[in-house]
There are 2 protein chains.
Amino acid sequence: MSAAIAPIEYALPSELEGSLKALASARRLQILEWLKDPIAHFPPQEHGDPLEHGACNLFIVDKLGVSQPTASRHLKVLVDARLVIATRRKGWTYYRRNEARIAELARRIAAI
Amino acid sequence: MSAAIAPIEYALPSELEGSLKALASARRLQILEWLKDPIAHFPPQEHGDPLEHGACNLFIVDKLGVSQPTASRHLKVLVDARLVIATRRKGWTYYRRNEARIAELARRIAAI
DNA sequence: TAGCTAGATAGCTACCACGCTATGTGGCGC
DNA sequence: GCGCCACATAGCGTGGTAGCTATCTAGCTA
């Protein structure tokens, strides 16, 4: 050892890149689309206002047509990217769009 | 055989998804950034107006700091997504941004 | 407190993207 | 016409992501 330390020639992973990766999935785009109008896309739910808290996890899993863990991971990616907001209530989790964050991202992409 | 044919539960790959995948890479974001102002980011080139035709492939390869085939693939992804336009001239290839396409994509993302 | 159910985690497979080196190919220029 | 140079293609290794089943955990309800 040890020769020179390799310079970081690398493009550093930006937050923008992360957000784009979160968006670059048909499943996740679909979820965001549904969440635009939860009342139209999901069955009526008893505990948790669709508009205030969002759609129930179970409905999303069901409508996505994938297994529960797979849907869960997609939702986690969206939450981690702060594109959607999760709310726990009683025994369920509800998801809604983070409109502020989505708008901010749209602005950043417009400046690409 | 043969049971029922599985229904397409799948979210179909959209063009939007494809564009987002093309964009969701630090290297490619970097290239688009550089191409905003080729004169500022690349050495002066003799054959091919940086503003009209874009930056010479060789400069991009060099500045990216990856091998020629790797850079070539990144550029191909951008061209295939129509985010940049390639021009062949003499023996070289020049790349420039497709501003119309980029703006259109930004609009679509704003409506996500 | 006990049981049940929503959701997360673990662990697997398959696939795709990114990096590389080696090699083709096609068009300029001498 | 020949050689050379710019760029593409082939092929390989690796890491990350999406899908699955099985299982764990936490918190609601009775």
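Per chain, numbering begins at 1; letters A, B, ... match sequence-line order. Computed from heavy atoms alone, side chains included, the values below leave out hydrogens, waters and symmetry copies.
OP1 and OP2 of C:dG27 both lie 4.0 Å or more from every side-chain N or O belonging to B:R89. Using a 4.0 Å cut-off, no side-chain N or O of A:S72 falls inside it from OP1 or OP2 of C:dG7. Distances shorter than 4.0 Å separate some side-chain N or O of B:S67 from OP1 or OP2 on C:dC20. Listed pair B:R27 / C:dG19 meets the phosphate criterion, a side-chain N or O lying under 4.0 Å from OP1 or OP2. Applying the 4.0 Å criterion to OP1 and OP2 of C:dA17, one finds that B:H74 has every side-chain N and O outside that range.
Between the CG atom of A:D62 and the P atom of C:dG7 there is a distance of 12 Å, rounded to whole Å. Atom C1' of nucleotide C:dC28 and atom CZ of B:R88 are separated by 14 Å, given to the nearest angstrom. Rounded to whole Å, the distance from CG on B:D80 to C1' on C:dA17 is 14 Å. Rounded to an integer number of Å, the gap from CG of B:L23 to P of C:dA17 is 15 Å. Rounded to whole angstrom, the span from the CG atom of B:L58 across to the P atom of D:dA6 amounts to 5 Å. Counting to the nearest Å, the P atom of C:dG7 and the CG atom of A:L64 are 14 Å from each other. Straight-line distance from the NZ atom of B:K76 to the P atom of C:dC18: 13 Å, rounded to whole Å. Atom CG in A:L75 sits about 8 Å away from atom P in C:dA8, given to the nearest Å.
Closest to the side chain of A:S25, from the set D:dA18, D:dT29, C:dG19, is D:dA18.
Aromatic ring orientation, A:F59 versus A:F42: parallel (interplanar angle below 30°, classes split at 30° and 60°).
Distance alone, capped at 3.5 Å, is enough to place a donor-acceptor pair between the A:R28 side chain and the A:K21 backbone. A donor-acceptor contact shorter than 3.5 Å is absent between the side chain of B:T93 and the backbone of B:R89.
Taking CD of B:Q68 as the start and CG of B:L75 as the end, the distance is 10.0 Å to the nearest 0.5 Å.
A donor-acceptor contact under 3.5 Å links the side chain of A:R73 to the base of D:dG19. With hydrogens and angles left out, the side chain of A:Q68 and the base of C:dA8 share a donor-acceptor pair within 3.5 Å.
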Would you sort out whether A:L105 and A:L23 count as a side-chain contact (heavy atoms from CB on, under 4.5 Å), showing the intermediate values? CA-CA 10 Å; A:L105 176 59; A:L23 270 188; 3.6 Å; yes
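Mapping B:P69 and A:K21 onto DNA chain D via the closest heavy atom, the residue that lands nearer the 5' end is B:P69. Between A:A24 and A:G91, the one whose closest nucleotide on DNA chain D sits nearer the 5' end is A:A24.
At a threshold of 4.0 angstrom between heavy atoms, the contacts of B:T93 are confined to the sugar-phosphate backbone, with no base atom among them.
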